[in-house]
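What follows is one structure encoded as structure tokens, with my remarks underneath.
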Amino acid sequence: MAGGWHTGELLGFDLETTGVRRHGDVPVSFALVRVVAGQVVERVRGLVDPGCEIPAAATAVHGITTARARREGMPLEAALALLLEALEAAATRGVPVVGMNLAYDLSMVDHQLRLVRGRGLHEQGWVGPALDVLVLDRHLDRFRRGKRRLGHLCAHYTVALETAHEAGADAEAAVLVLLALCERFPSVRELELGELTRLQADWHRQWASGHDEWLTSQGRPGLAPADADWPLARVAAGPLATRP
């Protein structure tokens, strides 16, 4: 691609959800943001009826109540179909899906598809590429102190984040952080997308191993085996979890 993949099309992706369990919680909103040559060309947002109560703690984060989701949201199955179509189309065209902590969002979609259709993302045609600004930032600037949530990355890379925990704003901000990362670390944009996707899986695994060792050295519980997986986290052995 002339000018490098970072000058082409990128697909920002984000979910807001009922909680933090990627294999136990459910989306309540989503956003897909197409960026070409650094400019947003399309935004697709959706509110989702998760089919369950949205806990007050989750509503406090993203502002979506159970009543609003039931009144205005599309059925979960319809949202999953739309997301699968968009992700498959991007994969077919070699467009990378971009996000913050993609192993959370993609694993949740993957798990819900398995519950609804019996097949996950890979079995239904999504093979990447994927670009995760959390994984990239942790590897490329590993010795920087401080937190690395999306708001912290936006501040560090001088990216505006208008409304944190709104899926559209978060998806767009992740793409802009990625582009800023490419400017600060030019070597990353020189890698082929498939190779960069494979490298991120290795880099995430290395981080998880080191973080697990640090946690146990502090007398704290270590990470679960699935926490080393990227971009899709395996489900623990046994029957698939049902929806909440």
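Considering every non-hydrogen atom in both Gly12 and Ala171, the closest pair reads C-CB, 3.8 Å. The minimum heavy-atom distance linking Arg22 with Ala226 is given by the pair NH2-O, 3.3 Å.
Residues Arg184 and His156 have side chains that bring a donor and an acceptor to within less than 3.5 angstrom of each other.
Proximity of a side-chain donor or acceptor of Gln218 to a complementary backbone N or O of Arg220 within less than 3.5 Å is not detected. Side-chain N or O atoms of Gln200 include one that pairs as donor or acceptor with a backbone N or O of Leu196 at under 3.5 Å. The backbone N or O of Ile64 sits less than 3.5 Å from a side-chain atom of Thr59, completing a donor-acceptor pair. No donor-acceptor distance shorter than 3.5 angstrom exists from the side chain of Ser107 to the backbone of Tyr104, with no hydrogens or angles considered. Remark: side-chain polar atoms of Asp49 are not paired, donor with acceptor, to backbone N or O of Pro75 under 3.5 angstrom. At least one donor-acceptor pair closer than 3.5 Å links the side chain of His152 to the backbone N or O of Arg149. Put simply, the side chain of Glu123 gets close to the backbone of Gly120: a donor and an acceptor are under 3.5 Å apart. Of the possible polar contacts, none joining the Trp5 side chain to the Glu192 backbone as a donor-acceptor pair under 3.5 Å is found. Using modelled atom types, one side-chain atom of Asp105 and one backbone atom of Leu15 make a donor-acceptor pair closer than 3.5 Å. For His6 (side chain) and Cys182 (main-chain N/O), no donor-acceptor pair under 3.5 Å exists by modelled atom type.
At a threshold of 4.0 Å, the pair Arg70-Glu53 counts as salt-bridged, since one of the basic side-chain nitrogens sits closer than that to a carboxylate oxygen. Comment: Glu77 does not engage Arg117 in a salt bridge, judged by the lack of any side-chain N to carboxylate O separation of less than 4.0 angstrom. Look at Arg234 and Asp110 and you find no salt bridge, because none of the NZ, NE, NH1 or NH2 atoms lies under 4.0 Å from a carboxylate O. With salt bridges taken as basic N to acidic carboxylate O contacts below 4.0 Å, none links Asp202 and Arg198.
Counting non-hydrogen atoms of other residues, nucleotides and ligands closer than 6.0 Å to CZ of Arg144 gives a total above 12. Glu195 CD: more than 12 foreign heavy atoms inside a 6.0 Å radius. Under a cut-off of 6.0 angstrom, the local environment of CD in Gln206 is crowded, with over 12 non-hydrogen atoms contributed by other residues, nucleotides or ligands.
Arg43 contributes atom CZ, which lies 12.5 Å from atom CG of Leu32 (distance to the nearest 0.5 angstrom). Rounding to the nearest 0.5 Å places CG of Asp227 at 9.0 Å from CG of Asp212. Distance check, rounded to the nearest 0.5 Å: CD of Glu213 to CG of Leu223 gives 10.5 Å.
With hydrophobic clusters built from ILVMFWY side chains whose heavy atoms lie under 4.5 angstrom apart, Leu232 shares a cluster with Leu199. In this structure, Val116 is a member of the same hydrophobic cluster as Val26, with clusters built from ILVMFWY side-chain heavy atoms closer than 4.5 Å. Both Leu153 and Leu140 are members of a single hydrophobic cluster when ILVMFWY side chains are connected at heavy-atom separations under 4.5 Å. Note on Val28 and Leu150: separate hydrophobic clusters, where clusters join Ile, Leu, Val, Met, Phe, Trp and Tyr whose side-chain heavy atoms are under 4.5 Å apart, directly or indirectly. Residues Met100 and Val61 do not share a hydrophobic cluster, defined by chaining ILVMFWY side chains whose heavy atoms lie under 4.5 Å apart.
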Between Arg148 and Arg138, does a side-chain contact (heavy atoms from CB on, under 4.5 Å) hold up when you go through it step by step?
-> CA-CA 8 Å; Arg148 297 182 193 247; Arg138 272 195 311 222; 3.5 Å; yes
Side-chain donor-acceptor pairs under 3.5 Å in residues 128-136, sequence neighbours left out?
residue : atom : partner : partner atom : Å
Asp132  : OD1  : Asn101  : N            : 2.9
Asp132  : OD1  : Leu134  : N            : 3.0
Asp132  : OD2  : Leu102  : N            : 2.7
Asp132  : OD2  : Trp230  : NE1          : 3.0

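With sequence neighbours excluded, the residues satisfying side-chain hydrogen bond (donor to acceptor under 3.5 Å, both in side chains) with Trp203 are His139.
For the side chain to side chain contact (heavy atoms under 4.5 Å, CB included) criterion with Cys154, the lone passing option out of Leu161, Asp170, Leu176 is Leu161.
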